[in-house]
Amino acid sequence: MSAVHERSALEHPVSLIEHIERPHCPLTSLADALIADGRDEQVWDQAVALLLCMISASDRTDRYVDARRLLALVAAETARIAPSSSRCADLAALVVDLRTGAAACLDWAEYEREAVLHRFLSVLRSPRWLRTLEPAPGYVEPFHSRRTRWVRDVLDRRHEAMGRNRFEIHVVIPVAPGPSVYRSATTRILLDGRPIIADLFPMGSGEEPENLLRRTGLRASDQPRRVKLAEAYCTEGCCGALYVTIVREGDQVVWRDWEMPGDPSPEFRFPAAEYDLEVAGAEYDLAESYHEM
């Protein structure tokens with residue numbers, strides 16, 4: 001379980017966000033430009049900016065045919081780019097989405113996503129990139145220190161085991177007011193290492209953690225409960241929501257009777273003790289994360 005604070009360091013102009021949502025999104029031309037001249041930092045910055053816009057609450061990387069290739073090319077050229085604290089934060093946001101978001105659901109070849117993650121993390125953990133996170137002498141700015149703590153948390157090696165458990169809960173919380181990759185806190189759930197909400201419900205994002213990790217939330221009991229995991233970006237009344245029934249059956253917790261567009265998802269069963277521990281840990285992490293804000 002983890003609570004991850006995430007914010008884009010780039011304040012992307014609205015015109016850029018509107019531009020990439022059009023059908024003629026220039027991903028292919030950007031990928032070709034990176035191949036032609038990967039040392040052009042302006043091209044690299046534009047590619048990262050577009051990828052960050054795609055993982056915002058109103059868009060998704062998997063809507064774009066060339067997103068996988070662009071991510072791989074950006075990762076391949078990152079070691080040649082001059083580091084900065086804002087670029088550190090932007091790459092860390094991509095790392096989070098590759099671990100738990102829509103980017104993890106792209107049509108990756110075997111071990112390709114892991115290789116892209118490894119490239120990003122190797123660069124971010126290098127001394128010359130880590131030095132950019134140190135504040136200038138006499139410089140005190142609350143957001144800078146919060147952003148630095150968040151980047152260092154993303155780089156913490158305890159996250160290397162992310163996705164190895166049958167059931168995991170991860171919370172993404174915007175670091176500060178202002179332009180952000182995520183406009184509000186969202187809950188991400190990994191089932192067998194797969195981001196289940198991004199995979200099953202591409203038209204929306206996970207419910208706010210207050211709804212899933214407080215009160216009854218994701219807790220399991222002998223009485224079946226219908227739980228909303230996600231809602232469409234527009235409204236539930238317009239494009240629906242993702243529901244599942246959660247019930248405890250002996251020493252197992254069962255997720256069944258999925259309600260969503262398209263084919264129903266299979267039933268998932270988890271050891272009850274492990275399930276309860278994950279939910280309790282996520283509830284604790286959420287409380288601690290808000291305490292630190």
Side-chain angles (χ1 to χ4, degrees), residues 1-6 55 62 92-106 108 110-118 120-121 150 152-173 182 185-201 205-214 216-221 225 227-230 242-258 260 265-289:
M1 75 286 295
S2 68
V4 181
H5 297 71
E6 182 164 352
I55 64 174
D62 58 358
L94 294 181
V95 166
V96 170
D97 206 61
L98 280 162
R99 284 171 170 168
T100 64
C105 299
L106 297 173
W108 298 101
E110 188 175 11
Y111 302 121
E112 184 183 16
R113 180 178 68 94
E114 290 79 2
V116 169
L117 267 172
H118 177 73
F120 281 141
L121 290 169
W150 167 68
R152 293 188 183 279
D153 180 71
V154 171
L155 300 182
D156 194 299
R157 293 189 183 274
R158 76 181 188 279
H159 296 308
E160 301 296 336
M162 188 178 292
R164 295 179 187 175
N165 296 321
R166 186 84 207 282
F167 171 68
E168 295 181 15
I169 304 168
H170 301 279
V171 175
V172 176
I173 303 172
Y182 294 96
T186 59
T187 309
R188 294 180 170 183
I189 298 167
L190 302 185
L191 301 186
D192 293 331
R194 187 79 169 174
I196 195 68
I197 295 171
D199 194 23
L200 297 183
F201 196 69
S205 61
E207 278 285 279
E208 293 189 5
E210 287 84 354
N211 297 334
L212 291 179
L213 297 175
R214 291 185 177 175
T216 54
L218 292 172
R219 296 179 188 177
S221 71
R225 286 192 308 106
V227 177
K228 182 164 73 171
L229 299 180
L242 176 66
Y243 285 87
V244 68
T245 295
I246 301 176
V247 63
R248 185 183 301 271
E249 295 182 354
D251 62 354
Q252 292 187 321
V253 171
V254 184
W255 282 27
R256 68 187 189 201
D257 301 333
W258 293 82
M260 61 185 183
S265 179
E267 181 178 278
F268 289 89
R269 290 180 173 269
F270 316 98
E274 295 176 14
Y275 182 94
D276 293 342
L277 183 63
E278 181 67 17
V279 172
E283 291 173 344
Y284 175 82
D285 284 350
L286 178 66
E288 286 296 297
S289 67

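Note that these values count all heavy atoms, side chains included, but never hydrogens, waters or copies made by symmetry.
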Would Ile169 and Leu212 count as a side-chain contact (heavy atoms from CB on, under 4.5 Å) if you check the C-alpha gap in whole Å, the side-chain angles of each, and the deciding distance to 0.1 Å?
-> CA-CA 10 Å; Ile169 304 168; Leu212 291 179; over 6 Å; no
Test side-chain contact (heavy atoms from CB on, under 4.5 Å) on Val244 and Phe268 and set out the steps.
-> CA-CA 10 Å; Val244 68; Phe268 289 89; over 6 Å; no
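Of the possible donor and acceptor atoms, none in the side chain of His170 sits under 3.5 Å from a partner among the backbone N and O of Gly101. Counting only distance, with no hydrogens or angles, the side chain of Arg188 and the backbone of Ala198 share no donor-acceptor pair below 3.5 Å. Glu168 places a side-chain N or O within 3.5 Å of a backbone atom of Asn165 that can act as its donor or acceptor partner. Without hydrogens or angle criteria, Arg225 side chain to Gly217 main chain gives a donor-acceptor distance under 3.5 Å. With Thr187 contributing its side chain and Glu207 its backbone, the two residues share a donor-acceptor pair below 3.5 Å.
Within the model, atoms CZ of Arg99 and CG of Leu190 stand 11.0 Å from one another, a figure rounded to the nearest 0.5 Å. The line from CG of Leu121 to CZ of Arg157 is 8.0 Å long, rounded to the nearest 0.5 Å. Separation of atoms OG1 (Thr186) and CD1 (Ile197) is listed at 8.0 Å; rounding is to 0.5 Å. Rounding to the nearest 0.5 Å places CG of Leu155 at 9.5 Å from CD of Glu160. Rounded to the nearest 0.5 angstrom, Ile196 CD1 and Cys105 SG are separated by 8.5 Å.
In this view, Glu112 and Arg68 satisfy the salt bridge (Lys or Arg N to Asp or Glu O under 4.0 Å) rule, not counting sequence neighbours. Remark: Phe120 pairs with no residue by the ring-ring contact (aromatic ring centres under 6.0 Å, His included) rule, at least two apart or across chains. For the side chain to side chain donor-acceptor pair (under 3.5 Å) test, no residue two or more places apart in sequence or in another chain qualifies with Glu110. Not counting sequence neighbours, the partners of Ala272 by the side-chain contact (heavy atoms from CB on, under 4.5 Å) test are Arg248, Val253. Every residue two or more places apart in sequence or in another chain was checked for a side chain to side chain donor-acceptor pair (under 3.5 Å) with Asp257, and none qualifies. The salt bridge (Lys or Arg N to Asp or Glu O under 4.0 Å) test applied to Glu249 returns Arg256, Arg269, not counting sequence neighbours. The salt bridge (Lys or Arg N to Asp or Glu O under 4.0 Å) check on Asp251 picks up nothing, with sequence neighbours excluded. Looking at residues two or more places apart in sequence or on another chain, you find a side-chain contact (heavy atoms from CB on, under 4.5 Å) between Arg152 and Leu130, Leu133, Glu134, Thr148. Arg219 is linked by a side chain to side chain donor-acceptor pair (under 3.5 Å) to Glu283, counting only residues two or more places apart in sequence or in another chain. Arg113 pairs by the salt bridge (Lys or Arg N to Asp or Glu O under 4.0 Å) definition with nothing, not counting sequence neighbours.
Between Trp255 and Tyr275 there is a side-chain heavy-atom pair separated by less than 4.5 Å. Asp285 is not listed as a side-chain neighbour of Val171, based on a closest heavy-atom distance of 4.5 Å or more. Counting heavy atoms from C-beta on, the side chains of Asn211 and Lys228 never come closer than 4.5 Å. At a threshold of 4.5 Å between non-hydrogen side-chain atoms, the residues Phe201 and Leu229 do not count as touching. A 4.5 Å side-chain heavy-atom check between His159 and Val95 finds every atom pair outside the cut-off.
With respect to Arg158 and Asp156, a salt bridge is recorded, a charged nitrogen being found less than 4.0 Å from a carboxylate O.
Classification of the Phe270-Phe167 ring pair by plane angle, with boundaries at 30° and 60°, yields tilted.
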